[in-house]
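Data first, discussion second: the structure below is written as structure tokens.
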There are 2 protein chains.
Amino acid sequence: MSDQAETTSRRRRRREGGGASAPARVTNYRQLKNPFPAVPAVSEDRVEAIHQTALRVLEELGVKVLLPEARALFKSAGARVDEASEMVFLGRDMVEAALASAPRSFRLHGATRERDLQMELGTLSFQSGAGAPNVTDRLRGRRPGALSDVIELTKIVQHFDAIQMLSPGVEPQDVDVSLRHYAFTHTQLTLSDKIPFVFSRGTPQALDCFEMLRDFRGLSDEDFLTQPHCYTIINTNSPRQIDIPMAQGLIDFARHGQPAIVTPFCLMGAMAPVTVAGAVTLSHAEAMAAITLTQLARPGAPVMYGAFASNVDMKSGAPAFGTPEQVKASLLSGQMARHLGLPWRNAAGCAANVNDAQAAHETQMSLWGAVLAGATVVIHAAGWIEGGLSVSMEKLITDMEAVQVIAELCSGTPADDADIAWDALAEVQPGGHFFGCAHTMERYATAFYEPLVADWSNFGTFTERGSRDANTRATDVWQKIVEDHQPPACATPDRVAALDAFIARRTAEGGAPPVS
Amino acid sequence: MSDQAETTSRRRRRREGGGASAPARVTNYRQLKNPFPAVPAVSEDRVEAIHQTALRVLEELGVKVLLPEARALFKSAGARVDEASEMVFLGRDMVEAALASAPRSFRLHGATRERDLQMELGTLSFQSGAGAPNVTDRLRGRRPGALSDVIELTKIVQHFDAIQMLSPGVEPQDVDVSLRHYAFTHTQLTLSDKIPFVFSRGTPQALDCFEMLRDFRGLSDEDFLTQPHCYTIINTNSPRQIDIPMAQGLIDFARHGQPAIVTPFCLMGAMAPVTVAGAVTLSHAEAMAAITLTQLARPGAPVMYGAFASNVDMKSGAPAFGTPEQVKASLLSGQMARHLGLPWRNAAGCAANVNDAQAAHETQMSLWGAVLAGATVVIHAAGWIEGGLSVSMEKLITDMEAVQVIAELCSGTPADDADIAWDALAEVQPGGHFFGCAHTMERYATAFYEPLVADWSNFGTFTERGSRDANTRATDVWQKIVEDHQPPACATPDRVAALDAFIARRTAEGGAPPVS
């Protein structure tokens, strides 16, 4: 593992006062590099066979593209298009040209340079569980997501440096769909300085969000168009279909210089072949089709490859996560991403219904799958439950322990002569202990990771304290984080007022209905 | 990941009837090869620096050896020995000669060749949680371990092919210490065909166990002495001390051709330096001293390197597991083992008090640490809880899900042309699904890992069924395994009768008190 610079947090520490009142332990989870060698699933000749088969899928079988503007873009670049069936057949020359023009590396800008992320193979970032219709916690139970939940989740995510990007945690269903993007963007910009997410629900909403973001960040049009400041997620409709808002999002984001993360969601045996290799072939074909569209809309536009493949329970059809098949698909998808040379997104996952041992095992297993696959961004790393039908506040906390441990592993293992500790080894006699030796006294306050929610007390103490399990303790943790939240420095009164005024005006004008 | 042969289980399947009544899915978790590249923690020059410092520890600081026979062995080989302080100072020539004579690879024999394990760098096996004074389950609560618990745990471990070796799960405290080794060995031999564990509690008990094992396996003295058929675990008393039974075990096992797994238990900040590098240096020195003793007792004797290092909570002194420091120490220990070229043991761990999300996260995090460190044997992979003060029957089951997923990952990812599934991709139209296509129908029954305890039903079904969490469901699983247990084929009535007779005779003679 490489020894990663801690300069960012050291600078921050000094700025925040430093010296005697400084926090005991300095961590830097903000800009991680993956310390693990990427693990291959198959030999290189099979990677090439999958890539060639995927190109053949695009050329011979085609992709159904529901948006006329997208079909026109494909056609003008030389694709064979059948308007009656809405099928687009992409020649490999066109696909290869698009893959060549997509940037291998680009910088995603947060509100400060310390929140920026370089998107390229080898960097590592995490997102919390996203896209859930429901939210659940121990205090209020399971319920449809509301704006108040988005606000709480944003405060929690803002707290954790090891979650570097905002994601669409739960859907705020108490806000009208024509106004929801205002509330969602307002929440992200005023409560966090991290990289925001923008939904692809039609051009009017996307343009609204771009405008809010540009002005809140104090950017010129030119700045915004030439620097990525947000991202969207594009899910294809597997197999082989790209719907209207998704195609529109690919075009709009590319034209505005903002990255789409293309992520086919391929459930083996359901919307994808039952084999890992077959599912990844389909996913790879769909991702290449979507990436091609971004490059036709604007050559050189930032875009990310993505893959989220797992299996279903063939008895019930229920999706499963944390399975060997998901891990294998992640490792294979990583090979495909490296074959293209593009930064890419992968996912953890969890099908459990409560935050129990199954939930923890599934999320951590798939988290390791994504990390060992060399993913640039790992979504659903914390809080995702019920196969994505809910986000659990408590699970967000207990999963963050695993994410933080992995972030710690990015910092390397110091092993200079002082770490090898000859003097301490010579000082402590056989049968003695190191608690009081000089080497320990100099380091004990900062030597070890401090747990977020783990309770290391013995069974007697644990019992005396009421036998409160991790899920119960997690409630205390997220409540305190929500209570302690402070708006980020970027949320100046002027900018918040301007944002409020924009939203009031657009609301009075009727907002922007989603396109579908 | 290499594609591992499934011949063993296929043979077994045919033998057990094959054809129409054969199990739907063939797995082989018996003789695993680690598919993951070993992850280094530090650069090679720091590995060498740690190795040189550890040699200097042995040479200049010495090790306290409480057994006179062991000191005499060291002295006769040229070590400087101070009898008054019981200190032994090992020159590096002696240590290097011992490391050169220790075998890089040896075969551990089970009752059948399918249960054999090759111990060498690159192979991978798991042991369940071991060494606990207490046992806990949902039905009977937490209690001191009894022989009935050893029996149940042995039946559960025998059930799982992904646990390849028996381990001393809980201490049967209802059996007199002079007779306990009979009851423990009887349980292992009659209920399992896997590689048994033998305690190092003095020569008389070890010789009793060797005799029971030799006769039960139908071996000659020569067979037994030239083939490893069991193993023991030797924990040094960190820092720098080897007590009487441990030193005796190292000598006795080496002389009888049976392997000791040498495992210093180094808690950073307590019995070891507060730094990862310092703790591993101490652990490495102690392991080399113990390995040297085995080679002095019998050059070429099978022996394994081992490491189990984690940190303590510096506020309370409580041991912690699943921490970044444990993972880093595991990765670094793997480098030290590869530096010596010896097979080695590492450990998972868990400090939680109940089988909750913390418990699962800690065990799986440390399990990945051990697997990525390239450990040959991973102990405490399932069921270990409370930092080893208890084994949980339910946690054994929920952890086994993670162990089995990792075992599945050893089998590789098929990616031939049929797996890539061109025909299926061409058959299913955009917006369609793969449930009914020929490619799926041919494979659906065997395509996916079948979960042990995971429940993938949706929230509604889960709730209707009583919201039974993984811990609750695990009770059903272990109860059924215990109920369904069948004695292995090796436990013939003749051999069981002979074993019973031996134990009756030795019991009448007073048994064998442990040595301390």
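The model shown is predicted, which means the values in this text are computed figures rather than measured ones. Reminder, nothing fancy here: chain letters follow the sequence lines and each chain counts from 1.
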Please classify the contact of [X] with chain B as side chain, backbone, both or neither, using a heavy-atom distance under 4.5 Å.
X: A:Val312; value: both
X: A:Ser316; value: neither
X: A:Ser457; value: both
X: A:Arg473; value: side chain

Picking from A:Asn237, A:Asn311, A:Val63, which has the most non-hydrogen pairs under 4.5 angstrom with chain B? A:Asn311
Residue [X] versus chain A: region with a heavy atom under 4.5 Å:
X: B:Leu372; answer: side chain
X: B:Ala359; answer: neither
X: B:Thr461; answer: neither
X: B:Asn458; answer: backbone
X: B:Val276; answer: side chain
X: B:Glu325; answer: side chain
X: B:Met87; answer: side chain
X: B:Arg142; answer: side chain
X: B:Pro451; answer: neither
X: B:Trp456; answer: both

Under a 4.5 Å heavy-atom cutoff, which of [options] has the most pairs with chain A?
options: B:Leu267, B:Asp416, B:Asn471; result: B:Asp416
options: B:Gly317, B:Ala277, B:Ala329, B:Ala279; result: B:Ala277
options: B:Leu61, B:Val453, B:Val354, B:Thr53; result: B:Leu61

Got [X] and [Y] here, is their nearest side-chain heavy-atom distance under 4.5 Å?
X: B:Met271; Y: A:Val428; value: no
X: A:Asn134; Y: B:Phe459; value: no
X: B:Pro35; Y: A:Val39; value: no
X: A:Arg240; Y: B:Gln429; value: yes
X: B:Trp422; Y: A:Glu60; value: yes

Going by ring pair (Phe, Tyr, Trp, His ring centres under 6.0 Å), name the residues that satisfy it together with A:His433, two or more places apart in sequence or in a different chain. A:Phe435
Identify the residue among A:Thr398, A:Thr363, A:Asp399 that makes a side-chain hydrogen bond (donor to acceptor under 3.5 Å, both in side chains) with B:His361. A:Asp399
Between A:Asp417 and B:Arg46 (salt bridge meaning N to carboxylate O under 4.0 Å), is one present in this structure? yes
Decide if atom OH of A:Tyr449 counts as having more than 12 heavy atoms of other residues, nucleotides or ligands within a radius under 6.0 Å. yes
